[in-house]
Each structure stands twice: as structure tokens, then as C-alpha cells.
Amino acid sequence: ITINIGTLKVNGGFALTIDYGGSLSVNSGASLVFDNNGASVIMGGGNNASGILVNIASGANLTTGNTLGFTSGAGNTANSGSIAIKEGSRGTASYSITANYTYSGTLAQNTGCGVTGANNLTINNSNGVTLATSVSVSGTLTQTAGNIAVGTNTLTINGSHTAKATTVVTGTGGYTLASGATLTTANVNGVTNTTAVGTIQTTVRTLNAAANYIFNGAAAQITGNKA
């Protein structure tokens, strides 16, 4: 299956089957959407020795409600999450670090180990999303709803990050706002250096002095002791 234009949606409760020896490609500008109940997947059928080649190109758009997100791992061990195939001898599934990923589930989600970077990353899950690996965002991170838990990983913003008043980033790992990047927050406590208040609450916080900070809350805000 190759998606060159438009959107392919896999509805909830259904699985799209690709025979082993086949491939799944989502090209720039095209979209693959897995329904928000998290039950929709792509699975493999037939002889699994040859595997399925998965290529998510730069500029492609993936949306998932699956609790396990997008995983990868070469060999005959089945991946989990929305693309639950065995890669066999075809090589590890390729999820471009400049594709666009949206997590919009109704249950808490994990990004999956396949996603290590994104052009645009959207979090729209009121129950939150946990990073499976360290992730770098070159375009825009939008926290529409829900918190991001980095775990022991690091979330790096090279472009921009927009957070609502009630959405935060937590975890024992790190958050890095690079030089020239922009953090926009509506949190009343702004951006702090240490305490567990404000938009960024990770244990390690690298908030570059040459980054940009925008405070756009509806209620009165303080900048915090970092911005």
C-alpha cells in the first residue's frame, strides 16, 4: 500500500491486513489515521519470514488513538501499536523524524519506540502521552489537551512549543528548549527553574537564554524564575 495523496482512515474495531512480502508507504502530504478508540491496526498476513517494509516519509501525517503508538524493531517479533506487523528481513520500520505525528486517544498513550523525532507533534489526549524514547521536535509541538510524561527520556524543542494553562511536561528525564526556539504558555506560574509548578516540571530543564518565551494566558500570569 502506498499513500501518495489524501487520507486513509482505519476505523475503530477493524484491522487492515497487508500480506507479508508487501509494503506500507505514506509519502509527503499524505495522511494515515487510526481511529481514536485505539482498536484500529495494520496487521500482516501470510508467510512472515519476508516481513513488511514500512516507510513513513518526511512530511507524511500519522494520527493514532492506539495506546501503544508506533513501534519498530527488525526481525520476526511482531510490533505492537497501530502498525502491528513483523518486519522480517525487510529491515526496521522507518518513521521519519520530519514527519508529523498526532496522538489523540481516549486512554493514556505511549508514543512508541518508532517515533524519535517529528516535524510537528500534536498531543490531544486528556489522559496524557508518555515518551517511549527521547524525541526532538523541529517544527511545532502543540499540547492541545493532556500532559507529556518524558519518563527518563529527553524532549528537545528546536522549533516551538505551545502549551495550554493546564498542560505540563513532567518526568525524571529532561526538557531542552534550544537557542532560537519558542515556548508559548498559558500557565499561571509560567516557566520555573526547579519547582514542580509551571509548564515544565521535568527533573532536568535546559531552558536556553537565547530562546523566546510568550505568555498568553487568559488569567494573570507570572513569568516564573527562568524566563
Side-chain angles (χ1 to χ4, degrees), residues 9-10 12 26 31-42 56 60-73 79-84 93 95-177 181-187 191 196-206:
K9 182 177 182 181
V10 184
V26 185
S31 300
L32 176 58
V33 176
F34 297 91
D35 194 68
N36 284 354
N37 71 3
S40 54
V41 295
I42 288 180
I56 309 303
N61 305 292
L62 263 62
T63 298
T64 182
N66 194 290
T67 57
L68 298 176
F70 300 103
T71 66
S72 66
N79 293 338
S80 56
S82 287
I83 302 178
Y95 293 91
S96 174
I97 61 172
T98 50
N100 306 302
Y101 302 94
T102 297
Y103 294 86
S104 58
T106 56
L107 301 174
Q109 289 179 274
N110 191 290
T111 57
C113 62
V115 178
T116 59
N119 175 36
N120 297 322
L121 176 62
T122 301
I123 305 300
N124 188 18
N125 182 337
S126 60
N127 287 304
V129 174
T130 298
L131 301 189
T133 64
S134 292
V135 173
S136 294
V137 179
S138 57
T140 300
L141 166 60
T142 304
Q143 275 185 271
T144 303
N147 297 335
I148 298 173
V150 302
T152 59
N153 302 300
T154 298
L155 174 61
T156 300
I157 307 300
N158 292 309
S160 64
H161 175 192
T162 299
K164 297 287 187 69
T166 56
T167 59
V168 300
V169 182
T170 66
T172 59
Y175 176 95
T176 297
L177 187 68
T182 300
L183 173 59
T184 300
T185 178
N187 192 294
V191 185
V197 296
T199 297
I200 310 304
Q201 299 182 15
T202 54
T203 299
V204 180
R205 306 172 203 183
T206 305

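No hydrogens, no waters, no symmetry mates; every other heavy atom, side chains included, goes into these values. Count residues from 1 along the sequence. Bear in mind that the values here come from a model prediction, so they are computed numbers and not experimental data.
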Minimum-distance pair of heavy atoms, taken over all atoms of [X] and [Y]:
| X | Y | answer |
| --- | --- | --- |
| I56 | A99 | CG2-CB, 4.2 Å |
| L121 | A118 | CB-CB, 4.1 Å |
| G114 | S72 | CA-OG, 3.7 Å |
| A132 | C113 | CB-N, 3.7 Å |
| S138 | N119 | OG-CA, 3.5 Å |
| N147 | T167 | OD1-CA, 3.5 Å |

Verify, without hydrogens or angle tests, whether [X] (side chain) and [Y] (backbone) share a donor-acceptor contact under 3.5 angstrom.
| X | Y | answer |
| --- | --- | --- |
| T71 | G81 | no |
| N110 | L68 | no |
| T133 | V115 | yes |
| Y103 | G69 | no |
| N127 | Q109 | no |

Is the shortest side-chain heavy-atom distance between [X] and [Y] below 4.5 Å?
| X | Y | result |
| --- | --- | --- |
| I200 | Y175 | yes |
| I148 | L141 | yes |
| I157 | L183 | no |
| N158 | S136 | yes |
| N153 | V135 | no |
| S104 | T63 | yes |
| H161 | V169 | yes |
| T102 | N61 | no |

**Request:** Test L177 against V191 for side chain to side chain contact (heavy atoms under 4.5 Å, CB included), laying out the working first.
**Result:** CA-CA 11 Å; L177 187 68; V191 185; over 6 Å; no

**Message:** For a side-chain hydrogen bond (donor to acceptor under 3.5 Å, both in side chains) check, start with the C-alpha distance between T162 and T142, then their side-chain angles and the critical distance, and finish with the verdict.
**Reply:** CA-CA 5 Å; T162 299; T142 304; 5.3 Å; no

**Prompt:** Quick one: CZ on R205 to OG1 on T199, what's the gap to the nearest 0.5 Å?
**Reply:** 10.5 Å

**Gap between atom CD of Q143 and atom OG1 of T184 - 0.5 Å precision** = 12.0 Å

**Message:** Between L62 and Y95, is the side chain to side chain contact (heavy atoms under 4.5 Å, CB included) condition met? List the steps.
**Reply:** CA-CA 10 Å; L62 263 62; Y95 293 91; 4.0 Å; yes

**Prompt:** Between T154 and V204, is a side chain to side chain contact (heavy atoms under 4.5 Å, CB included) present by the stated rule, with each step listed?
**Reply:** CA-CA 9 Å; T154 298; V204 180; over 6 Å; no

**Request:** Quick one: do T64 and Y101 satisfy side chain to side chain contact (heavy atoms under 4.5 Å, CB included)? Show the steps, please.
**Result:** CA-CA 8 Å; T64 182; Y101 302 94; over 6 Å; no

